[in-house]
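Worksheet for the structure shown next.
None of the values given here were measured: they were computed from a predicted structure.
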Amino acid sequence: MNDKEISDFITLPRTFEKYRWYKPILIFIIGFILMIIFQLLIEEIFSGFYGHDFVDNLMNGGYEVLNNTVAELFSDLEIIIMMPALYLASKIVRERPFSSYISTSGRWNFKLYLKALAIPLVLFIVFNAIDAAITGPEGTFQFSLLYLIVLIIFLPLQCIAEELVYRGFLMQAFGSWFKIPVVAIILQSVIFTISHGYNTFGLVEIFVSGIVFGFFTWKTNGIEVSSALHTANNLSLSLFVMLGIITPTSSPQLWESVVAIVFVVLLGVLMYFIGNKTDWFGEIPG
């Protein structure tokens with residue numbers, strides 16, 4: 001696969017007849033408005049069941065309150081709705097097929113997603129287990145079958161939704177404008193970072209993760225591998241929160257972020273090596 005093919009996903013919008021430079025801006029504006037409307041609907045539904053004070057606490061309490069079934073479901077749905085918002089916006093603007101935000105093949109490669117999920121999930125679990133063994137249990141045991149179902153079904157959708165918006169729509173928008181992969185990867189990661197409510201150390205950690213996710217999206221011409229890495233990270237953390245082993249936080253300490261950044265970078269190198277040397281991810285070029 002040559003350099004032109006490698007960067008196809010980044011500049012893919014330009015290959016469509018109806019492409020215009022301003023259409024991503026229109027999609028962003030319409031999609032953002034739709035997302036706000038959908039989020040308000042979700043908030044009203046949850047308020048009807050649990051009260052406005054409960055929802056206000058979920059929205060303003062930071063990541064620390066994401067430690068039970070309802071909070072996890074609410075948080076996941078608030079992000080999952082970005083998918084229908086983007087879908088409807090793209091249909092209104094009529095720029096190109098919605099599937100082109102997923103990959104250059106125009107389809108979701110479920111087999112690739114599962115293959116890319118296996119090793120990172122195991123390694124993230126081991127990493128968090130070692131961290132918990134060193135620091136000791138910090139949370140409250142919250143396990144329930146419903147909680148587990150929410151994690152298995154809704155949390156991966158939440159991660160895929162973020163990848164679709166940041167590594168799909170936004171990275172392609174920047175790529176179609178600047179035609180330079182590294183610029184598109186950095187810019188989408190900046191926006192990905194500022195959309196999270198962490199302290200400075202946590203934001204640096206998110207930025208590095210966004211770069212790694214963007215790199216794999218570029219190299220594999222699709223969001224499946226980045227979605228798998230994102231899912232492995234979030235799912236492993238949430239499983240440990242459910243079991244009361246760790247507590248979610250908006251303010252990680254410096255050493256925690258440094259260790260997490262080193263781990264994510266090393267994991268990215270390992271995943272690239274596997275894909276490059278064994279053709280495990282056939283989409284990664286040699």
Side-chain angles (χ1 to χ4, degrees), residues 28-89 124 128 132 135-166 169 191-203 205-206 209 227 230-253 256:
F28 176 81
I29 294 173
I30 296 172
F32 184 78
I33 293 173
L34 290 172
M35 182 187 72
I36 295 299
I37 293 173
F38 293 157
Q39 286 181 336
L40 288 174
L41 288 173
I42 291 173
E43 290 160 17
E44 284 302 312
I45 291 172
F46 275 76
S47 294
F49 282 98
Y50 302 102
H52 288 284
D53 289 341
F54 180 82
V55 172
D56 287 342
N57 182 54
L58 291 181
M59 296 178 63
N60 301 313
Y63 295 99
E64 285 77 4
V65 300
L66 301 181
N67 58 0
N68 59 72
T69 306
V70 177
E72 179 67 40
L73 179 60
F74 177 83
S75 175
D76 290 343
L77 290 175
E78 286 272 280
I79 296 175
I80 290 172
I81 51 89
M82 292 195 300
M83 282 196 284
L86 178 60
Y87 174 80
L88 291 174
F124 269 114
N128 287 317
T135 60
E138 301 174 343
T140 302
F141 187 78
Q142 297 276 359
F143 176 83
S144 71
L145 183 58
L146 181 58
Y147 199 163
L148 184 61
I149 291 174
V150 168
L151 293 183
I152 293 175
I153 296 177
F154 290 94
L155 188 143
L157 290 176
Q158 174 249 313
C159 296
I160 292 171
E162 286 193 285
E163 293 306 306
L164 187 65
V165 170
Y166 294 102
F169 168 67
I191 297 177
F192 179 61
T193 300
I194 62 178
S195 68
H196 287 74
Y198 289 102
N199 65 5
T200 301
F201 302 140
L203 290 178
E205 184 181 336
I206 294 296
S209 296
S227 296
H230 199 156
T231 301
N233 175 66
N234 289 19
L235 181 58
S236 61
L237 284 171
S238 296
L239 286 171
F240 277 70
V241 169
M242 177 184 67
L243 296 174
I245 299 174
I246 63 175
T247 56
T249 179
S250 305
S251 305
Q253 298 179 31
E256 292 175 318

query: Once you round to the nearest 0.5 Å, how far does CE of M35 lie from CE of M82?
result: 7.0 Å
- request: From the options I29, I30, I36, select the one residue that forms a side-chain contact (heavy atoms from CB on, under 4.5 Å) with I33.
  value: I29
task: Taking all non-hydrogen atoms of both residues into account, name the closest pair between G244 and P137 and its distance.
output: O-CB, 4.1 Å
- line: In this structure, CG of L73 is separated from CG of L151 (nearest 0.5 Å) by 10.0 Å
- prompt: Any donor and acceptor pair, going by atom type alone, linking the side chain of N199 with main-chain N or O of P252 inside 3.5 Å?
  reply: yes
- request: Report the distance from atom CG of L66 to atom CG of N68, rounding to the nearest 0.5 Å.
  value: 8.5 Å
task: Report yes if some heavy atom in the side chain of F46 is under 4.5 Å from a heavy atom in the side chain of L77; otherwise report no.
output: yes
- prompt: Can any side-chain N or O of N128 pair as donor or acceptor with the backbone N or O of F124 at less than 3.5 Å?
  reply: yes
message: Minimum heavy-atom separation for Q253 and F201, please, with both atom names.
response: C-CD1, 3.8 Å
- prompt: Nearest heavy-atom pair of H196 and Y63: which atoms, and what distance?
  reply: CD2-OH, 3.5 Å
task: Could you walk me through whether E64 and T247 pass the side chain to side chain donor-acceptor pair (under 3.5 Å) test, one step at a time?
output: CA-CA 7 Å; E64 285 77 4; T247 56; over 6 Å; no
task: Verify, without hydrogens or angle tests, whether S195 (side chain) and F192 (backbone) share a donor-acceptor contact under 3.5 angstrom.
output: yes
field: Least distance between heavy atoms, S227 atom then C159 atom
entry: O-CB, 4.4 Å
task: Would you give the length of the straight line joining atom CZ of F143 to atom OG1 of T69, rounded to the nearest 0.5 angstrom?
output: 10.0 Å
message: Once rounded to the nearest 0.5 Å, what's the spacing between atom CG of L34 and atom CG of L86?
response: 10.0 Å
message: As an exercise, state the distance from CE of M242 to CG of N67, rounded to the nearest 0.5 Å.
response: 12.5 Å
query: For the residue pair A85 and G31, what are the closest heavy atoms and their distance?
result: CB-O, 3.5 Å
message: How close do Y147 and Q142 get, counting heavy atoms only, and between which atoms?
response: CD1-O, 3.3 Å
Between E162 and Q158, a side-chain donor and acceptor under 3.5 Å: yes
task: Please test F49 against F54 for ring-ring contact (aromatic ring centres under 6.0 Å, His included), starting from the C-alpha separation and ending with a verdict.
output: CA-CA 10 Å; F49 282 98; F54 180 82; over 10 Å; no
message: Whether the side chain of S236 engages the backbone of A232 through a donor-acceptor N/O pair (distance < 3.5 Å, no angle test) should be reported.
response: yes
query: Are side-chain heavy atoms of L157 and I79 found at a separation under 4.5 Å?
result: no
